[in-house]
Structures are given as structure tokens and as C-alpha cells.
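Computation of the quantities below employed the complete heavy-atom set of this structure, encompassing side-chain atoms and omitting hydrogens, waters and symmetry-equivalent molecules. No experiment lies behind these values; they were computed from the predicted model shown. The sequence lines fix the lettering, A, B, ..., with proteins before strands; numbering per chain opens at 1.
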2 protein chains.
Amino acid sequence: MNDMERRRAPTRTDVARLAGVSTAVVSYVTNDGPRPVAAATREKVLAAMRELDYRPNAVARALRLQRAQAVGLVVPDVSNTYFGALARELSNQAFTAGYALLLGDSDDDPDRERAQIESLVSHQIDGLIIVSLAPDSVADVNGTPTVYLNQRSQPGQLSVIVDNEGGARLAVSHLVEHGRRRIAHLGGREGAPGADERRAGWAAALAAAGLTADPALVRTAEYSRVAGHEAAAELLTRAPRPDAVFVASDVQALGLLAAARELGISVPHDLAVVSFDGTDDAVFSDPPLTAVEQPVPAIAEAALQAVLGQAAPAAGGLVPVRLVVRASCGCPPGH
Amino acid sequence: MNDMERRRAPTRTDVARLAGVSTAVVSYVTNDGPRPVAAATREKVLAAMRELDYRPNAVARALRLQRAQAVGLVVPDVSNTYFGALARELSNQAFTAGYALLLGDSDDDPDRERAQIESLVSHQIDGLIIVSLAPDSVADVNGTPTVYLNQRSQPGQLSVIVDNEGGARLAVSHLVEHGRRRIAHLGGREGAPGADERRAGWAAALAAAGLTADPALVRTAEYSRVAGHEAAAELLTRAPRPDAVFVASDVQALGLLAAARELGISVPHDLAVVSFDGTDDAVFSDPPLTAVEQPVPAIAEAALQAVLGQAAPAAGGLVPVRLVVRASCGCPPGH
DNA sequence: CTGTTAGCGCTTTCAC
DNA sequence: GTGAAAGCGCTAACAG
């Protein structure tokens, strides 16, 4: 017997026939309703299902019910640790709630993002979670409930938004408290999730400290190790060199750390660093990164609830973040 | 107009009515066959589709055709950089081939793995790619073509297998060439993808060098930064301490690097390290990790082809790997 | 408590 | 070159 041969899967009709009941009863049993079934009958049906190794066809069910018991997720790059953690959390929470997860990687390309969305929507998903590259990506989703992460797009559009600006201010103020004065910013591309707000927070914190937000101290790059490395190499070789950097993502910070090492710049002594995300990347880097931590499970939960209609996300409410102090900012180990 | 209201999506019937043709013709147009359509008619249909913003219902199509144009992927943990890279690659390749990707994170739990598989299969996916925790996870997939990654499971079972043992031998031999003698192994859990073969390769390379594979020099852990850190802390505090470690994954190596730092052990001077995977984690760590590199795009392509039936993976063929030398092994920077 | 049956949106054979 | 209609597997209203 080759398990690979695509034999026709048993259907509800087969089960009904074997159990000697109607197909409706099989339905009532598998769905526990909407009509009651006698215990003895139920037993017969269950036995037949076991015998045939029957499993309901989710596609037929989806067609009938107009919902697929599935949600979609589109991210710019799953191999980014933060998006990976988000996907993991979402997969787990969705699964627990009885939903499958369709994943679309937009590969940091707006066109592909749109195409991925189209594809997921055509699969009749019940909800769509988008971490978008383009804030105006209106994406006609054909009525599929959609929530944007870290993107305040159209009015009336659902979104769950992290306190990006507040987090950035936390980070930069902390650097100021360390006595740093030339605080640079290595940020995400304009329009990238959270990027603009994090930059605004950087500028606001500097202003509050009476420092100027020098545009020459800003670099933007894709959220990736490689891009962060490249941008950092440039930022750190200009004179006069910054004495601190607020980085908009852990992965970019990893790239910056590597660049600093190559240039013989000691972190935190010569250069204090605080990043954003707070994934395991921040915990195990050298030195460990002081970072604004995003509560991934809470974010995933909020997004899922928003999209599955259990609860609209608190309008205007921001997901709170906190600063987790490690070594890259210059705080003593004991802290 | 609120885009969120779930208005009924236009169906092929709506298009047919608006275009003044039969539903069959609409089908012929969307699918470019199987019957020809007059140019003028086609134009009318296309116009109607545009006007209604029609998009075919993939679920109905799947039910009819008995294939969903979707493939499933189950991994132990998407937030592991290697699995993340794999998911990214697979999402992109599948998308390009016209397939959606259903992602299941098994959360390093065999029960959940089985449940995730069940769920994906019930969604009528056309193929299933599993990176399994349990080698004997026979998983009745109801006839869905299934390929295991790095897991030689049942005979007749499709699998794409990396040259884990060969890669491990490469890694360990390299350490031997550096003059290391007490070469430890920080591996994956028994049965974890590639774990047993990598350990075997470690032992084989030691034997070939006339060294003994001391079981006391072996630790196993989950493929994660945290678990790698914990196991490494234990391994590096026992006396006499190893002078080199072959680590079975990049993420574990990151944990080990952190542990070494905490213990004041200098890498590569006091401890040479080579890991397996060769993701960006290896490129940007401190020091950068010499690693056995897995060709993720090739692996993804092989898995996809195997499962979509374009080509059976070369029986007994192993995906070749190569050793990428960076700094953690002790090679001079110029190398 | 159980059975019959319409119909979800789509593809495709068969007739015109 | 175009249309009518059957049927994919399932649910649930309705009838008994």
C-alpha cells in the first residue's frame, strides 16, 4: 500500500451509508448540532467515521458557510525575527481558535504585497492581517475584514497600533540620560510599519532635551540585518560621529553592531545603542541590546480579535511598550 | 461607504448577466479555455468583470477541481531564523507558481504538529511540506502528497534531505585542522530534523581524526537561542572544558556565543565554534560564525517540486552543503 | 429524533 | 462560438 496514492477521500455520504443513517445526521454529529442525535445513533456514526478514517472537507464546508475558518497574514519578510515571532504567535493563536493561517510574504515589494493580498482574499479567508509597506495600500479586499498593523491607513480602517512614538521617546530619553548628545537615528523606510512614528519620537525626545534633530544624523534602510549593516557603516564613518543611535528594529541593530565592530567602535562606550522590537535578537546580541519591547502575544491577540469581529480594537488606543534595559545603552550590568 | 461591510461578493453569475452571456463563457474567459471565445465576447466579459470588481472564488474552484492551489508548511518554530528563511522562500516560490501557503507552527510539540497537519490536510491542500519533530510521525495525510524535510521517515515516503552528516564532518574536520582536540557537540533533540545525522557526522569526523567522541562532550537542546544558551552554559562550565564546539544550528550557536561571553571565554581563541545553517544570524554574530550553509532556495524548490509532482526528488540524493568560513573557527580575517 | 433536498460558486461535458 | 446543466462535499431548513 502506498500512502502516497491519491485515493478518493471518504465523504460524508460514505459515512452515512456505512452507518446506515442519512447525511444530515452525520452533519449533526460532526457539528454537534443544530439538531440533537440519539446517543446510539451518534455512536454508530462515530464508529463509521473511525472506520473510514473520515475527515470533513473544509473546502466544501467553507463554500457552504461562506467562511473558510482561516485568516491571512501578510508581512514584508518572515525571516525578520520580529515578523517571525508575530507569525508564530498568530499561527498558534489562530490554530487554538480553530483557524488556519495563510501566510503571504510580500518580499518588501508593494506590488507583490498587493498580489499576495488578492490571492489570500480569493481564498475566502475570514480575516486579513497586514503589516504593510505602503500606508496607502488601500487594497480592495472585497469586504474581507482587514486589520493593519502599525499603519493608520484609511479612516474607518481597523488597525492595531503600537505606541511607536512613545517607545521611541523612551529610548531616546534614556540615551539622553546617559549624557549622549549626538544621537543618531537608523530608521525604517518611509511608510514602513512604525517607521515614521519612531522617527518622530526620536525628534520629539531630542527637542524635549533641547537637542536638535539633525537630519544628517538620520539614515533609513529596510528592516533587515544586511540593510542595517550597510546604512550603519555609512552613518558611523561620517564626521563628527554620533555618540549614540536609536535603531528602529532589532535586525537593523544587529547590522549596526557588526558595523561598529568592524570599525573598532566600542558599544556602549563609544556608541550607545537602543533598538526597537525586543525580540530574542536583542537578548543574545553582543552586547545585549537595550530595546523597546513590543508585546507580540498581545499584538497578535488584538489583531485576531479585531479581524474575527470579537472586539473592535480600542479606537485610538495604542498598544503600550516598555523599555527593557540591557547593556548596549551603557547601563551597568547590575541594572 | 464602509469598505468593511461584508457585502456579498459578485459571482460569476453576476458577471454573466451583466455581460449578457452564459456563465460558461465567463469561465472560458477566466481560465482561457477549455473552449475558445470570440474576441468581442471576451471583451464584454472582461469589461463586466472590471465593472463589478469580480474575482473568482478560489474555494468554489477548489471544491470543483479537487485541488486548492495551496500548499501547507509545518515547522517547529517560524521564529527560528532558519525556518523563517525557509518559510519566506517557500511563500515566494509557491506564490510565483500560483499557490498559496498555509503555515502551521507546531510549537515544538508533536501533538500540535499532528493537529496542525490534520487541519492543513482538511483544507484540501495540494501538497504538504513537513519539518517534523518526530521521525515516526506517520501522519495519515489522507492521500495528500507529503514531503518531509531532513527526515527519512517511512520507506516510499518523499523527503528532501540535506547532507547533514557530510556537513557535520566538514565542520568538525575544520576544527580538527585548527588543532582542536576536545571538540564538543551542541546538538538538536533526538529525532529533531537533522539532529541525529549531524551528531553522527561529528562522531565520524572525530573517529577519522583518531579522536574519541566523548559522550560527556555532547549536549542536546531545542533549536532556539534560549535553549542553546542554557545547554552551552552547562557544557562550558564542566572541567575539563572543550576547546571547540560544533553546534547544530545557528540559533543555538547564538546562545552559546552569549554564554561564552558571560563566562569570559574568548571565541575563537579559547573556544572555536562552527555551526550549521548559515543564515544571516551567522553573518552578523560576534564573532561571525563559520557555518555549514544550507542552500535554502534549492531546498524550497526541491520540496515544492516533490510535492507538486513535477519531479520526484532524486532518491537517496542529498542536498549538498558547503562550509562558509568566517571568524568563529579561528581562521584569520583574510581567509 | 431522523431524512430529503436545495444550493454555496465554479468547471466542463454535451448539445446546439 | 455559446449555453444548459450536472455535480464537487457540505449544511440546515423543512418535513415527517
(message) What is the separation between atom CD on B:Gln66 and atom C1' on C:dT12, rounded to the nearest whole Å?
(response) 14 Å

(message) Tell me the interatomic distance from B:Lys44, atom NZ, to D:dG1, atom P, rounded to whole angstroms.
(response) 14 Å

(message) For a quick check of understanding: with a heavy-atom distance under 4.0 Å over all strands, which category does B:Ala24 fall into, base, sugar-phosphate or nothing?
(response) base

(request) Grab the CZ-P distance between A:Arg64 and C:dC10 for me, whole Å please. (result) 16 Å

(message) Nearest to the side chain of B:Ser22, heavy atoms from C-beta on, is which of D:dA4, D:dC8, C:dG3?
(response) D:dA4

(request) Assign A:Arg12 to base, sugar-phosphate, or nothing according to its heavy-atom contacts below 4.0 angstrom with the strands shown. (result) base

(message) Whether the A:Tyr82 and A:Gln294 side chains hold a donor-acceptor pair (N or O, under 3.5 Å, no angle test) is what I'd like checked.
(response) yes

(message) Between B:Asp105 and B:Arg112 (salt bridge meaning N to carboxylate O under 4.0 Å), is one present in this structure?
(response) no

(message) Measuring to OP1 and OP2 of D:dT11, would you say a side-chain N or O of A:Asn31 lies under 4.0 angstrom away?
(response) yes

(message) With a 4.0 Å limit, can you tell me whether B:Tyr28 has a side-chain N or O closer than that to the phosphate oxygens OP1/OP2 of C:dC10?
(response) no

(request) For B:Ser27, answer base if it contacts any base atom (sugar-phosphate contacts may also be present), sugar-phosphate if it contacts only those atoms, and nothing otherwise; contact means non-hydrogen atoms under 4.0 Å. (result) base

(request) Looking at every strand, decide which applies to A:Thr41 at a 4.0 Å heavy-atom threshold: base, sugar-phosphate, or nothing. (result) sugar-phosphate

(request) Measure from the side chain of A:Val37, starting at C-beta and using heavy atoms only, and say which of D:dA12, C:dT2, D:dA4 lies closest. (result) C:dT2

(message) Just to be sure I understand the rule, does A:Val21 reach a base, reach only the sugar-phosphate, or reach nothing, if contact means heavy atoms closer than 4.0 Å?
(response) sugar-phosphate

(request) Identify, between B:Arg35 and B:Pro56, the residue whose nearest nucleotide on DNA chain C lies closer to the 5' end. (result) B:Pro56

